[in-house]
Amino acid sequence: MNKANKIIKVEGLERSFPSTEGKGETQVFGDVWFDVKEGEFVCLIGHSGCGKTTLLNILAGLDQATSGHVIADGFAVEKPSLDRAVIFQGHALMPWMTVMGNIDFAVSSRWPAWDKEKRRAHCQQFIDMVHLTGSENKKPAQLSGGMKQRVGIARALAIEPKVLLMDEPFSALDALTRGSLQDELLGIIAQRGQTSFMITHDIDEAILLSDRIVLMTNGPEARVCEIVENSLPKERTRSDMHTHPNYYPMRNHLIEFLVNRSKSFREELASASYDPKNPPVVRPAADGDTLNQVAS
């Protein structure tokens with residue numbers, strides 16, 4: 001991974017909406033700065049109301065910022081692009097199309113010059129990858145919730161995006177299905193070196209999947225509190241990550257943020273040492289290096 005190559009750069013981003021009273025505007029978040037490097041998996045954690053989904057929609061080009069910029073692979077994000085695939089909370093499948101048809105629709109948009117046989121062969125690779133072989137001709141109504149999300153993952157990966165954007169894709173699934181899909185996603189992304197950005201409420205999901213975790217304070221007027229570097233080994237799995245000595249320091253640090261610091265961070269914002277362009281970077285570890293800023 002080339003750590004110097006920042007595929008996504010978020011610079012001074014703000015999103016405001018007209019207030020419900022009809023006077024002025026309410027800022028959901030503002031002065032947000034962070035980046036996503038090539039081949040990196042970044043999670044964003046924050047309570048409801050801090051603008052997580054709104055932020056992801058801006059990254060995807062589905063919404064426009066009030067001010068600030070998102071730069072994707074050197075270009076300003078102004079509209080959706082096939083270089084940025086999105087997996088939503090809901091499967092967002094077209095109910096009249098089969099599994100193959102839903103994925104082929106995306107592939108034909110990416111490569112319109114390909115003939116049907118070439119597209120189908122390409123789609124089949126990704127159907128097999130998410131273990132849906134044999135379900136190619138089923139429609140969404142014939143699939144379980146987990147299978148529908150597998151189709152969404154296959155469809156997103158099939159267009160070979162530079163960035164995969166995910167909006168809590170497993171939140172509506174039962175624990176066993178969610179865990180299974182997390183494991184599969186981790187393996188697929190590791191195999192492909194896929195650059196990924198995901199928003200989640202699930203601390204263990206973030207620890208399992210991410211290289212870095214962006215912490216957002218409560219909204220309105222949410223800010224990036226800090227960026228946590230994952231100090232667990234890269235080859236961690238869901239079944240063994242709790243055995244690593246840095247697991248509980250990191251988990252406790254994230255819980256402390258969600259329970260307390262996400263609400264009280266406005267006091268830290270007033271500190272002269274806080275620079276929104278360079279949020280503190282921490283690496284929770286068993287040796288007590290939890291609150292020390294580390295090199296970006």
Test item: side-chain donor near acceptor, T177 and D174, under 3.5 Å
yes
Quiz: residues 66-80 side-chain donor-acceptor pairs under 3.5 angstrom, not counting sequence neighbours:
unit_1 : atom_1 : unit_2 : atom_2 : d
T66    : OG1    : S16    : N      : 2.8
S67    : OG     : E14    : OE1    : 3.1
D73    : OD2    : K162   : NZ     : 2.4

Looking at R251 and D204, does any basic side-chain N land under 4.0 Å from a carboxylate oxygen?
yes
Where do N246 and A285 come nearest, in terms of heavy atoms and distance?
OD1-CA, 3.4 Å
R236 side-chain N/O to M241 backbone N/O, donor-acceptor pair under 3.5 Å:
no
Closer than 3.5 angstrom, by distance alone: can the side chain of E136 be matched with the main-chain N or O of G134 as a donor-acceptor pair?
yes
Keeping R212 on the side-chain end and C43 on the backbone end, is there a donor-acceptor pair under 3.5 Å?
no
Side-chain donor-acceptor pair under 3.5 Å between Y247 and D240, yes or no?
no
Where the side chain of R15 meets the backbone of V28, is there a donor-acceptor pair that is under 3.5 Å apart?
no
For C225, is there any backbone N or O sitting under 3.5 Å from a side-chain donor or acceptor partner on T217?
no
Tell me, do L132 and M147 make a side-chain contact under 4.5 Å, heavy atoms counted?
yes
Is it true that a side-chain atom of Q149 and a backbone atom of G146 form a donor plus acceptor pair closer than 3.5 Å?
no
Are any side-chain N or O atoms of R120 and backbone N or O atoms of E117, one a donor and one an acceptor, separated by less than 3.5 Å?
no
Angle class for the H122/F126 ring planes (parallel below 30°, perpendicular above 60°, tilted otherwise)?
tilted
Could you check whether any side-chain heavy atom of P169 comes within less than 4.5 Å of a side-chain heavy atom of L181, counting everything from C-beta outward?
no
Examine distances only and state if a side-chain atom of K52 and a backbone atom of L44 form a donor-acceptor pair shorter than 3.5 Å.
no
Please confirm whether the backbone N or O of P276 pairs with a side-chain atom of R223, one donor and one acceptor, at under 3.5 Å?
no
Just by distance, do the side chain of N230 and the backbone of S210 share a donor-acceptor pair under 3.5 Å?
yes
Can you tell whether the side chains of R261 and E226 come within less than 4.0 Å, N to carboxylate O?
yes
I'd like to check H201 versus S48 (side-chain heavy atoms, cut-off strictly below 4.5 Å). Are they in contact?
yes
Do you see a donor-acceptor pair shorter than 3.5 Å between the side chains of D128 and T133?
yes
Evaluate salt bridge (Lys or Arg N to Asp or Glu O under 4.0 Å) for E205 paired with R178, printing each intermediate quantity in order.
CA-CA 9 Å; E205 182 172 75; R178 182 166 64 246; 5.3 Å; no
